[in-house]
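For reference, the structure I am asking about is given below.
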Amino acid sequence: MAGEHLVPHGPALAARPEPAKKKESDMAVTTAPISLEQETNPWEAQAARFDLAAKTLNLDAGIWKVLRYPQREIIVHIPVSMDDGSIEVFTGYRVQHSTARGPGKGGIRYAPEVSLDEVRALASWMTWKCAVVNIPFGGAKGGVICDPRHLSQGELERITRRYTASLIEFIGPEKDVPAPDMNTNEQTMAWIMDTYSMHMGQTITSVVTGKPVNIGGSRGRREATGRGVSVVTDQALKHLNMSPESTTVIVQGFGNVGSHSANLLWEKGYKIIGVGEYDGALYNANGIDISELMEHKARTGAIHGFAGADAFDKDELLTAKCDVLIPAATENVITSLNAERLQCRILVEGANGPTTMVADGILAEKNIFVVPDILANAGGVTTSYFEWVQDRMGYFWTETEVNQRLERIMVDSFNDVVQYAVNHNVDNRIAAYMLAIDRVAYTTKQRGIYA
Ligand code: GLU
């Protein structure tokens, strides 16, 4: 049937049977046709990879059930006074997928299209991400449905503080530690830290990471996700016997992750030939000067109008010819609709969930080397871990120390995943999931089921 694809996927969360009635056979990975809507549902995308990895691991059926679903899902409807005197009510989520290996950890995003399914998927991805790089955190994620482009700083601050207050009993340095994500930043984290501290009666910096450096933030945190992306890209090149000077790169997204990924790769001698954002793209076959582009964006608020490159069709950017493609924006940009036309040799997933499961199969047939999201973009949460550690010690590292520690973890994790893939004859994504699920399952079993 047109638009339908055969992929393994498990039961949808909404259709979750009562755990007690669930038979072992229900946990099997089923092969069923899915629509484009299902293909691009982030929760389904996460669960399908989880099921495949769990099956390949021969995971115990009980642990499979425990790890497949989030531990806790919180929905809040928060009233906020707007600048014009009216009252608006915003919906926010915080999903804690697992706290088996440590406190929940993960960002908070502000966007009009945030949904519970998306936050669930992102929370699960955080669990696997923290386990892939072996840091002592579980996984969580938050989101508020709002459009930051149409909100003043004052409105954003009041949304953030009220959202934090609504979650006050569920977050904390040993419970769940938020961080920035799409459309949230150091200022947002400062407000969360301050609100939490006001409720607790003392300053507690380690309740969030990604804070400004002067109030407990870590040096290097701002660039950390991009730095991690650049480190794993180097490793992928090494693995395939390629060199930076003769490698062309296209980066989709020029926010925190995309801009720092592009800049660090550009500094290492890679040729960044294309950069795209939601409202336009740039192309220059001779390479784009990324530091100038960053200045241009800081000055004008957008990438278009930049003199050092030509305007390009943003929808054609992902399928343009390059050696390394880095989607660094949002979910579901590589799907059954365009995967066949990709022309890169290496795909490094700076974003969370940029590739659908149907696209995975197409990329494998095309022999594209994939550095999956839960490995490729783990540099951010790894440096968040360093921030949490430094806050709790009250002793702060130099930027060089932070970056060296980050690099070591990223290189080791890359090698672990690639070796795991070879040993178990699976692709890099399923290898990363298997490695992560195995670690979380081990801890879950060791802790036992509390009754
Ligand atoms: N939002 C980032 C991510 O998706 C960072 C999370 C964190 O530092 O806790 O990985």
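Ligands are counted one by one from 1 in listed order, and the atoms in each one are counted from 1 as well.
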Lys141 neighbourhood, listing ligand 1 atoms whose heavy-atom distance to it stays under 4.0 Å:
1 (N), 3 (C), 4 (O)

Using a 4.5 Å cut-off on heavy atoms from C-beta on, say whether the side chain of Leu282 contacts that of Phe254.
no

Gln46 and Trp43: CA distance, side-chain angles, deciding distance, side chain to side chain contact (heavy atoms under 4.5 Å, CB included) verdict
CA-CA 5 Å; Gln46 186 283 138; Trp43 168 257; 3.5 Å; yes

Looking only at distance, does Asn377 have an N or O less than 3.5 Å from an N or O of ligand 1?
no

Would you check whether Met126 reaches within less than 4.0 Å of ligand 1, judged by its heavy atoms?
yes

Side chains of Thr160 and Tyr110: is there a donor and an acceptor less than 3.5 Å apart?
yes

Looking only at protein heavy atoms, which one is nearest to atom 3 (C) of ligand 1, and what is the separation?
Lys129 NZ, 3.3 Å

Side chain, backbone, both or neither: which part of Asn352 has a heavy atom under 4.0 Å from ligand 1?
side chain

Report the part of Pro178 (side chain from C-beta onward, or backbone N, CA, C, O) that has a heavy atom under 4.0 Å from ligand 1; answer both or neither where that applies.
neither

Shortest protein contact, atom 8 (O) of ligand 1 (heavy atom only):
Ser384 OG, 2.5 Å

Going through the distances and angles, do Arg405 and Thr383 end up as a side chain to side chain contact (heavy atoms under 4.5 Å, CB included)?
CA-CA 9 Å; Arg405 286 184 159 105; Thr383 305; over 6 Å; no

Is the shortest heavy-atom distance from the side chain of Gln71 to the side chain of Ser98 under 4.5 Å?
yes

Describe, in one word, how the ring planes of Trp64 and Phe50 are oriented to each other, choosing from parallel (under 30°), tilted (30 to 60°) and perpendicular (over 60°).
perpendicular

Should the proximity of Glu387 to ligand 1, defined as any heavy atom under 4.0 Å, be assigned to the side chain, the backbone, both, or neither?
neither

Shortest protein heavy-atom distance from atom 7 (C) of ligand 1, along with the residue and atom involved:
Ala179 CB, 3.3 Å

Below 4.5 Å, heavy atoms only, C-beta onward: do Arg222 and Asn185 meet side chain to side chain?
no

Filtering Arg221, Arg109, Lys105 for the heavy atom nearest atom 5 (C) of ligand 1 leaves Arg221

4.0 Å heavy-atom contact, Gly106 with ligand 1:
yes

Check: Val177 N/O within less than 3.5 Å of ligand 1 N/O:
no

Would you say the side chain of Asp427 lies within less than 4.5 Å of the side chain of Leu363, judging by non-hydrogen atoms?
no

